[in-house]
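A quick write-up on the structure given underneath.
Count residues from 1 along the sequence.
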Amino acid sequence: MKISKAALLTTVVISTFALTACNNLQPAHQAQKHTQHNSHHQGADVVSNAKVIEIASFKLKPSISYDDFAVLDHSVEVNHVAKQKGFVSRESAMGENGEWVVVVHWETLADADASMTSFTKTPMAAEFMGSIDLETMAMNRYTLVD
């Protein structure tokens with residue numbers, strides 16, 4: 001699916017607002033936002049450099065707590081995803097009933113593919129994937145249209 005820059009900016013603003021609003025809800029409805037930027041990406045440049053948006057949604061296994069997964073998710077971001085070529089930004093949010101969403105912005109589709117391939121070879125991939133109910137996992141990528 002291809003979307004315009006205007007639609008992307010609107011989505012980013014709405015998503016940021018929704019994540020901020022969720023931070024003010026009770027613990028069962030909390031959202032967490034983790035964002036890392038490559039050192040050469042700042043402010044509005046983050047959105048302008050992103051050509052690919054990757055959205056993964058899933059539920060955690062019933063035995064996995066939000067708090068435990070949040071630590072693991074942050075570790076995956078800091079120790080792997082944020083270090084990959086073409087990484088722009090990443091946000092994670094949790095919902096009710098074990099739901100989780102991760103939104104990653106990449107410079108190119110090739111960068112997103114390379115990150116996924118390299119992630120599957122890391123020791124933390126097994127723990128991350130082992131925490132997810134794989135039957136509920138969906139991942140989609142969207143390419144920005146100029």
Least distance between heavy atoms, Met129 atom then Leu134 atom: CE-CD2, 3.5 Å
Test side chain to side chain contact (heavy atoms under 4.5 Å, CB included) applied to Val88 and Trp106, step by step: CA-CA 5 Å; Val88 177; Trp106 296 101; 5.7 Å; no
Which atom pairs, donor and acceptor, lie under 3.5 Å between side-chain atoms of residues 109-116 and protein residues at least two apart or in another chain?
unit_1: Asp111; atom_1: OD1; unit_2: Lys85; atom_2: NZ; d: 3.2
unit_1: Asp111; atom_1: OD1; unit_2: Thr108; atom_2: OG1; d: 3.4
unit_1: Asp111; atom_1: OD2; unit_2: Thr108; atom_2: N; d: 3.4
unit_1: Asp111; atom_1: OD2; unit_2: Thr108; atom_2: OG1; d: 3.0
unit_1: Asp113; atom_1: OD1; unit_2: Arg141; atom_2: NH1; d: 2.3

Side chain proximity check, Leu60 to Trp100, heavy atoms < 4.5 angstrom: yes
Leu144 side chain reached by Ile53 side chain, heavy atoms, under 4.5 Å: no
Flag, side chain of Tyr66 to backbone of Gly95, donor-acceptor distance under 3.5 Å: yes
Polar side-chain atom of Asn79 near backbone of Ser75 as donor-acceptor pair, under 3.5 Å: yes
Short side-chain to backbone donor-acceptor contact, Thr136 and Phe58, under 3.5 Å: no
Parallel, tilted or perpendicular, as decided by the 30° and 60° cut-offs, for the rings of Phe69 and Phe128: tilted
Minimal non-hydrogen separation, Met139 against Met137, with atom names: CE-CE, 4.2 Å
Side chains of Ser118 and Gln84, donor plus acceptor under 3.5 Å: yes
Validation row: Val81, Val104 side chains within 4.5 angstrom (heavy atoms): yes
Modelled atom types, side-chain donor and acceptor of Ser89 and His105, under 3.5 Å: yes
Intermediate values then yes/no, side chain to side chain contact (heavy atoms under 4.5 Å, CB included), Ile55 and Val102: CA-CA 6 Å; Ile55 302 172; Val102 177; over 6 Å; no
Exceeds 12 heavy-atom contacts within 6.0 angstrom, atom CD of Glu127: no
Side-chain (Lys61) to main-chain (Gly130) donor-acceptor, under 3.5 angstrom: yes
Atom pair NZ/CE of Lys59 and Met94 - distance to nearest 0.5 Å: 15.5 Å
Nearest-0.5 Å distance, CG of residue Asp67 to CG of residue Leu72: 13.0 Å
Criterion side chain to side chain contact (heavy atoms under 4.5 Å, CB included) on Thr143 and Lys51, from CA distance to verdict: CA-CA 6 Å; Thr143 302; Lys51 300 297 183 202; 5.5 Å; no
